[in-house]
Structures are given as C-alpha cells and as structure tokens.
2 protein chains.
Amino acid sequence: MRKTYDNPFDCPVTRTMEYIGGRWKPIIIFLLIDKPLRFGKLAMFMPAISKKILTQQLRELEEDGIVIRHVFREVQLRVEYELSETGKSLLPLMMAMKEWGKTMLPKSDNAQS
Amino acid sequence: MRKTYDNPFDCPVTRTMEYIGGRWKPIIIFLLIDKPLRFGKLAMFMPAISKKILTQQLRELEEDGIVIRHVFREVQLRVEYELSETGKSLLPLMMAMKEWGKTMLPKSDNAQS
DNA sequence: AATACAGGTTACCAGGTGGTAACCATGATG
DNA sequence: CATCATGGTTACCACCTGGTAACCTGTATT
C-alpha cells in the first residue's frame with residue numbers, strides 16, 4: 001500500500017493515501033491524538049497486530065514525518081511515539097473518518113449481497 | 001485491503017478504511033463527486049489502472065453501497081457509475097483528504113532519509 | 001464477412017503485505 | 001546466575017492485491 005502508488009496527476013487525495021493508507025496507520029494516528037503512547041501500549045490497543053508489523057508501520061509513519069519516536073533510557077527502556085506537527089494536522093481528517101465511520105453500520109450487518 | 005480488517009473494537013476509523021481503503025477507491029469516489037462517469041471515462045482519468053482492477057474496485061464500491069451502476073442499452077452500450085447517497089456523504093471526508101494532501105509536498109520531494 | 005468499440009471476464013502470474021515464531025540486547029529482579 | 005520485561009529484529013512463509021494478455025458479448029459500421 002505504499003510504493004505502489006503512481007499518482008500520475010499528483011492527486012492530493014492519492015497523496016493522502018500514500019501517507020495514511022497503511023493497514024494500521026489510521027488507527028495508530030488516532031490513538032496518538034490524545035497523548036503519546038509507548039510501544040507496548042499501542043500493541044495492547046491493537047491486539048491483532050504483531051510486533052513486527054507495529055514496528056514497521058511506526059517506522060513508516062516516522063519516515064513520513066507523521067510520528068516522532070522518543071527513546072527514554074530509564075529504569076526500564078521506554079519508547080514513546082508522539083504525533084509531529086504534521087501528524088497533528090491530520091486531526092480534522094481523522095475526525096472526518098471517525099464521523100463517517102460512525103454513520104455506517106458495521107459492514108457485516110450492512111451486506112447487501 | 002478488505003477482508004483482512006478485524007477491527008476488534010469496531011473502531012469507526014477502521015470501519016471507514018474498510019470502505020475506502022482500496023488502492024483506487026478514494027480517487028474513484030473523488031472523480032464521481034462532480035457527476036456520474038462512464039467506465040471508459042474513469043479509465044481515462046486513471047491511466048495506470050487495468051480494466052480488471054477498475055471493474056473490481058467499482059464492484060466492491062457497488063457492493064458496499066457507495067456507488068450505483070447504471071447500464072444504458074443505447075446505440076452503443078453505456079455504463080455509468082454514480083455516487084449513492086451514502087457515497088455522497090463521503091464528500092466532507094474526501095475534501096479533508098484533498099485539503100491535507102494539498103498541504104503535503106509530493107512525497108519524493110519530502111523524503112527525509 | 002471483417003472490423004471496431006464499449007465494457008467487461010478469465011487464466012495466469014509477480015510482488016507486496018502481513019503473519020508466526022524464534023531470537024536478541026539491555027537492564028532489573030530473585 | 002537465571003529469569004523477566006521492554007522493544008525490538010530476523011528468517012521464513014502464505015495470501016491477497018494487483019497486473020498482463022487474451023478472449024468474450026452485443027451492436028454498429030464498412
């Protein structure tokens with residue numbers, strides 16, 4: 001869902017998908033809106049994700065300047081992920097996604113076939 | 001990008017991604033906002049898409065109640081795709097995606113690595 | 001009869017994405 | 001010294017998504 005975008009007309013909608021189109025990215029961004037979270041905490045909010053994929057999605061978000069990774073070498077190693085200013089600018093979009101999603105019934109209940 | 005969503009907490013953001021998370025779906029929806037378009041016209045706006053994938057994405061959007069397919073058996077066969085009311089309700093979300101995308105430089109110009 | 005056009009379908013294939021399980025480094029704890 | 005927790009990395013694999021190319025149906029057109 002990332003390098004495969006060609007975006008021939010440099011469509012802004014497509015460009016947005018290049019950033020947040022990953023399998024778990026919208027949820028991660030959404031979880032980080034309120035406050036920074038640790039790696040383990042993020043994993044707990046997404047029980048179906050593996051550590052590998054969580055790491056990978058976070059690295060991509062970091063590369064893309066959406067998320068900032070902070071390492072604290074404390075009593076126990078602590079790694080926190082925080083939204084950057086760019087990431088925070090996604091707030092209206094995330095809210096629009098949340099609002100639209102709330103108006104839709106869960107897909108399984110909505111099947112027309 | 002479709003059946004693989006488990007969405008354990010029935011997160012509305014994730015639910016939105018179930019609908020519009022497809023490779024070409026946001027662009028298709030965006031193109032249909034102004035007016036219905038024929039299959040061939042859609043294909044012209046997306047030169048990189050194959051007929052198979054375009055058909056597939058449109059079928060999924062149709063199944064999900066986002067798009068309505070109209071077949072006109074005229075002089076030449078004509079098939080038009082139109083946003084349903086549900087599809088039209090995506091307008092604010094699509095605009096939010098467009099606006100955010102416009103604020104971001106093309107990814108290649110923005111690379112930090 | 002052959003060809004063109006619209007709107008597909010089908011068979012087949014490549015690659016990316018995600019998943020599992022094992023392993024690792026560091027520091028604390030028993 | 002062995003073990004646990006955190007936050008990963010690595011090897012390996014399955015599957016889904018997307019892609020190509022050929023073919024199809026129906027209605028003109030030449």
Side-chain angles (χ1 to χ4, degrees), chain A residues 1-8 11 14 17-28 31-32 36-64 67-82 107, chain B residues 1-8 11 14 17-28 31-32 36-64 67-82 107:
Chain A
M1 194 89 216
R2 204 146 172 271
K3 314 182 172 113
T4 52
Y5 278 95
D6 1 25
N7 201 358
C11 163
T14 301
M17 288 301 285
E18 292 169 8
Y19 285 89
I20 67 161
R23 171 74 178 79
W24 301 92
K25 288 181 186 176
I27 310 96
I28 292 174
L31 289 171
L32 294 180
L37 289 176
R38 314 177 53 164
F39 182 87
K41 197 80 177 173
L42 279 168
M44 285 200 292
F45 279 119
M46 294 174 283
I49 200 175
S50 67
K51 285 196 284 186
K52 175 191 140 187
I53 301 297
L54 179 53
T55 302
Q56 180 186 298
Q57 299 276 302
L58 286 167
R59 291 286 184 277
E60 289 183 8
L61 287 170
E62 197 189 357
E63 266 178 51
D64 290 345
V67 148
I68 301 169
R69 180 171 181 268
H70 298 284
V71 180
F72 301 95
R73 307 212 159 274
E74 293 180 350
V75 188
Q76 282 291 25
L77 178 63
R78 184 160 68 93
V79 180
E80 271 191 9
Y81 292 91
E82 178 192 20
K107 224 176 171 186
Chain B
M1 196 87 214
R2 203 147 173 269
K3 311 180 173 114
T4 51
Y5 278 94
D6 2 26
N7 202 357
C11 163
T14 301
M17 288 301 285
E18 292 169 9
Y19 285 89
I20 66 161
R23 170 75 179 77
W24 300 91
K25 288 181 187 176
I27 309 97
I28 292 173
L31 289 171
L32 294 179
L37 289 176
R38 315 177 52 162
F39 183 86
K41 198 79 177 174
L42 279 169
M44 286 199 292
F45 280 119
M46 293 173 284
I49 199 175
S50 67
K51 287 196 283 186
K52 177 192 140 186
I53 300 297
L54 179 53
T55 302
Q56 180 186 299
Q57 299 276 303
L58 286 166
R59 291 285 184 278
E60 289 182 9
L61 287 169
E62 197 189 358
E63 265 178 50
D64 291 345
V67 148
I68 302 169
R69 181 171 180 267
H70 298 285
V71 181
F72 301 94
R73 307 212 159 273
E74 294 179 349
V75 187
Q76 281 291 26
L77 177 64
R78 184 160 67 93
V79 180
E80 271 191 9
Y81 293 90
E82 178 192 19
K107 225 177 171 184

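The chains referred to below are lettered A, B, ... by the order of the sequence lines, with proteins before strands, and numbering in each begins at 1.
Regarding Leu42(A), its CG atom lies at a distance of 14 Å from the P atom of dT6(D), rounded to whole Å. One atom, CD of Gln56(A), and another, P of dG19(C), lie 9 Å apart when rounded to the nearest Å. Look at CZ on Phe72(A): it is 18 Å from C1' on dA5(D), rounded to the nearest Å. Remark: C1' of dT17(C) and NZ of Lys25(A) are 12 Å apart, rounded to the nearest angstrom. In this entry the distance linking CE of Met17(A) with C1' of dT17(D) reads 14 Å, nearest Å. Remark: C1' of dT6(D) and CG of Leu54(A) are 13 Å apart, rounded to the nearest angstrom. Across the protein-nucleic acid pair, Glu80(A) atom CD and dT6(D) atom P stand 14 Å apart, rounded to whole Å. Taking atom CD1 of Ile27(B) as the reference point, atom P of dG18(D) lies 11 Å away to the nearest angstrom.
Taking every side-chain heavy atom of Ile53(A) into account, dG18(C) is the closest of dG8(C), dG18(C), dG8(D). Distance from the side chain of Phe39(B) is smallest for dG8(C) among the nucleotides dG18(D), dG8(C), dT10(D). Among the nucleotides dT6(D), dT27(D), dG7(C), the one closest to any side-chain atom of Arg38(B) is dG7(C). Of the candidate nucleotides dG27(C), dA11(C), dG19(C), dA11(C) has the atom lying nearest to any side-chain atom of Lys52(B). Here the nucleotide nearest the side chain of Lys51(A), chosen from dG7(C), dA28(C), dG8(D), is dG8(D).
No option in Ile28(B), Leu37(B), Leu42(B), Leu31(B) other than Leu42(B) meets the side-chain contact (heavy atoms from CB on, under 4.5 Å) test with Tyr81(B). Pro36(A) pairs in a side-chain contact (heavy atoms from CB on, under 4.5 Å) with only one of the listed residues (Glu82(A), His70(A), Arg69(A), Lys41(A)), which is Glu82(A).
Within the nucleic acid shown, Tyr81(A) comes within 4.0 Å of sugar-phosphate atoms alone, with no base atom in reach, counting heavy atoms only. Here Arg73(B) lies out of heavy-atom contact (under 4.0 Å) with every strand. In this structure, Gln57(B) reaches the sugar-phosphate backbone alone: every heavy-atom distance under 4.0 Å involves primed, P, OP1 or OP2 atoms, never a base.
Taking the nucleotide of DNA chain C with the nearest heavy atom to each of Leu77(A) and Val79(B), the more 5' of the two is matched to Val79(B).
Looking at Leu54(B) and Trp24(B), their side chains never come closer than 4.5 Å, going by heavy atoms from C-beta outward.
Proximity of Arg59(B) to the phosphate of dT9(C): a side-chain N or O atom is located under 4.0 Å from OP1 or OP2.
Between the CD1 atom of Ile49(A) and the CD1 atom of Ile27(A) there is a distance of 8.0 Å, given to the nearest 0.5 Å.
Closest non-hydrogen pair, Tyr19(B) versus Leu61(B), comes out as O-CD2, 4.2 Å.
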